[in-house]
Chemist: 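Structure in structure tokens, see below.
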Amino acid sequence: QAASADAEAALLERDAELKRLRAGEQEAREARTQHQGAELELARLRDQLERAEQEANSHRRAADLEGPHLAAIAQASNAALEAELEAARTAAAAAAARADAAIAEAAEAAAVERRRLSSHMEETRESVAELERRLADGASRRAVLEGEVQSLTKELEAARMFQGESARQVAKLDLPAQPKQPLGEAASPPPAGEPMMLGSLVSASRPVSRSQSERSGVGRGAAPAAPVAHGAAAATGAPAATRAGGEGAPRIVQLKLQGDAVVSCMLTAVATVATPDTSLAYTWFRAGTPLKKSEGPEYIVTAADLRCEISVRVIPFGPGGATGTPQTAATSGNVTVAAEVPHKLREWVRRGESKFDGLLDAGDRERALLFTGGRVKLREVKGNATEKTIAKDPNTSVRVEFLPGDLSFILTMPSLLKRGEPVRLKAKSSLQRDLLLLCLAAFQAPDSIAALPTAPITLKPAFAAECAGAADAGQRSPASSITSEQTDWNALTNSLPKASKSRTISFGRSRSSKE
């Protein structure tokens, strides 16, 4: 609606400008009419001159007869007529010049207004397309969330039906019924020497569905709960699988997070268990929302986690499928950036240029992303070290969305959407991807740099070299930017911070001594 209102206002301004131009054209027509009148007057004066010349000739002939007095009179009359004719010619030329100037000015003003209105209409179309795309994204996300809610509702109904069926089986056996417990709470084990009730045995031996195991945070390497059959438990007298929190279940004595909640730093979940042969399942959360493909004991903080709390939930599993009580640990504060990052961002914005090269698209073709003033350019790096701009848009219309699990991200630009879909790119390191997102936000809103939360941490040379490489890339030739920015993956892996008490950052790529 705002875009439509702006367009209507622009149309009103154009109508007013067209009225002014029509008035100028009317003045030009009037000047042309005056010019035609002057030409008519000039023709009339020529006729008068001819008649006067004829009369002068007749008078001359008469003067030849009448004498020198008449000749002097004719000569004076000719001079007066010549002066009048010259004045008429000067007035006609001035009127024609004024008419031509008015016509040229009106044409130039109309061309300028036409270009301005075309540019404004193009920007309005781009804004409308961006709003429609955002609306479509919101609708798709809403549909996904509604589907998840329906799935969870069905599973909850199934769990309630299973609990009611278990209660009915207990009632049929004429055994003393145990008090019902709410869903999600662990069942207490039977006293020593007493057999386990059938309802508890059924609950303990119930296999966990795939969706439930994924939501409980079972990661790669964690042992799932093994089902126990009624016949095997009754014949051998072996106890069924222990419920979460029950006696004999694996237990986590202490859980703590090591590392700094700083962008591109690594957080490590260190869990101390009380029982041997215990496997652990990890689930990481950002502000309470589970993070996909983050199931190990280590997590590298990204720029998408900025101003959010990072927490981890650990579930212990015993060798017989027993499940312990989950434990949760969180960072002491929200995620921040290193103190030197805002200084680098201000330097890039002040210079008006920053370049990130070495990016790879889905076809492993090298791409470079250049931030220049108010625009973002996506360039294709060819084999002969030359670069070609394949997309260019205002930085306010560009979006970057991180993908979980690897170094990839989605780059959305209006010029790319007109030709197809957004581009999926892969960064050389998590640090490069984080700096790219922070740089985009800084160029979009330079005032937001001062609002970045910082931590008093000194950057290591690898991080400083990464920042310097992104800053100086725009000043190097395309050939040097390609050959000197290759990633040393071994140095990058070794430079990641390990679990320790020291407050350091180690990531990025190493550089040669010459560079």
Side-chain angles (χ1 to χ4, degrees), residues 1-33 98-146 349 352-354 369-379 389-401 409-423 437-451:
Q1 291 176 357
S4 300
D6 293 340
E8 290 178 358
L11 292 175
L12 293 177
E13 292 178 1
R14 188 185 67 178
D15 293 338
E17 185 65 19
L18 291 175
K19 290 181 180 178
R20 188 179 68 80
L21 294 177
R22 291 192 183 98
E25 291 179 355
Q26 184 64 26
E27 292 178 0
R29 292 193 189 96
E30 292 177 358
R32 195 177 292 109
T33 303
R98 288 194 300 269
D100 293 339
I103 292 173
E105 182 180 0
E108 183 178 2
V112 171
E113 182 65 18
R114 190 179 296 109
R115 288 194 298 268
R116 188 183 67 82
L117 291 177
S118 299
S119 176
H120 183 69
M121 291 297 294
E122 183 65 23
E123 293 177 356
T124 303
R125 292 192 192 98
E126 293 179 356
S127 300
V128 171
E130 178 67 16
L131 292 175
E132 291 177 351
R133 186 185 61 77
R134 291 183 180 179
L135 182 61
D137 292 344
S140 62
R141 292 179 182 176
R142 179 179 178 181
V144 171
L145 292 177
E146 289 178 352
V349 173
E353 186 177 64
S354 180
L369 202 60
L370 179 63
F371 297 88
T372 56
R375 290 191 174 273
V376 177
K377 298 179 182 179
L378 179 62
R379 292 182 174 181
T389 300
I390 57 179
K392 180 175 65 175
D393 289 294
N395 55 27
T396 54
S397 62
V398 178
R399 291 197 332 170
V400 172
E401 182 181 358
F409 61 93
I410 298 296
L411 177 65
T412 303
M413 301 178 68
S415 57
L416 295 176
L417 294 177
K418 292 179 182 178
R419 290 178 285 180
E421 299 179 351
V423 175
L437 180 60
L438 294 174
C439 184
L440 174 61
F443 273 89
Q444 289 177 345
D447 296 337
S448 64
I449 301 177

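Below, all heavy atoms of this structure are taken into account, side chains as well, without hydrogens, waters or symmetry copies. All figures in this text were calculated on a predicted structure; none of them were measured in a lab. All residue numbers refer to positions in the sequence shown, counting from 1.
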Chemist: In Å and rounded to the nearest 0.5 Å, what is the CD to SG distance from Gln444 to Cys439?
Modeler: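 The distance works out to 10.0 Å.
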Chemist: To the nearest 0.5 Å, how far apart are CD in Glu353 and CZ in Phe443?
Modeler: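 Going from CD on Glu353 over to CZ on Phe443, the span is 8.0 Å.
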Chemist: Taking salt bridge (charged side-chain N to carboxylate O under 4.0 Å, His left out) as the definition, give me every residue that meets it alongside Arg125, ordered by chain and number, with sequence neighbours left out.
Modeler: Glu122
Chemist: Only one of Ile410, Thr412, Val376, Leu437 passes side-chain contact (heavy atoms from CB on, under 4.5 Å) with Val400; say which it is.
Modeler: Leu437
Chemist: Hey, can you pull the donor-acceptor pairs under 3.5 Å for the side chains in residues 100-109, sequence neighbours left out?
Modeler:
none

Chemist: Any side-chain heavy-atom pair from Asp6 and Thr124 closer than 4.5 angstrom?
Modeler: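 Side-chain contact under 4.5 Å: no.
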Chemist: Once rounded to the nearest 0.5 Å, what's the spacing between atom CG of Leu416 and atom CD1 of Ile390?
Modeler: 6.5 Å
Chemist: Could you list the residues that satisfy salt bridge (charged side-chain N to carboxylate O under 4.0 Å, His left out) with Arg29, not counting sequence neighbours?
Modeler: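 Arg29 satisfies salt bridge (charged side-chain N to carboxylate O under 4.0 Å, His left out) with Glu25 once adjacent residues are dropped.
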Chemist: Which value, rounded to the nearest 0.5 Å, describes the distance between Leu440 atom CG and Leu369 atom CG?
Modeler: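 Going from CG on Leu440 over to CG on Leu369, the span is 8.0 Å.
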Chemist: So how far is it from Glu30 CD to Arg32 CZ, rounded to the nearest 0.5 Å?
Modeler: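 Atom-to-atom, Glu30:CD and Arg32:CZ are 11.0 Å apart.
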Chemist: Which pairs, with at least one residue in residues 109-119 and sequence neighbours excluded, count as a salt bridge (charged side-chain N to carboxylate O under 4.0 Å, His left out)?
Modeler: Glu13-Arg116, Glu113-Arg116
Chemist: Sequence neighbours excluded, which residues qualify as side-chain hydrogen bond (donor to acceptor under 3.5 Å, both in side chains) partners of Ser415?
Modeler: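 With neighbours one apart ignored, the set is Asp393.
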Chemist: Glu17 and side chain to side chain donor-acceptor pair (under 3.5 Å): which partner among Lys19, Arg14, Arg20?
Modeler: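 Single pass found, and it is Arg20.
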Chemist: Report the residues that fulfil side-chain hydrogen bond (donor to acceptor under 3.5 Å, both in side chains) with Arg22, sequence neighbours left out, ordered by chain and then residue number.
Modeler: none
Chemist: Can you tell if the side chain of Leu417 reaches within under 4.5 Å of the side chain of Pro422, non-hydrogen atoms only?
Modeler: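 Answer yes - side chains close enough.
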Chemist: How far apart are the closest heavy atoms of Leu21 and Ala110, and which atoms are they?
Modeler: CD1-CB, 3.6 Å
Chemist: So, taking the atom named CE in Met121 and the one named CG in Leu11, what distance separates them when rounded to the nearest 0.5 Å?
Modeler: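 The CE atom of Met121 sits 6.5 Å away from the CG atom of Leu11.
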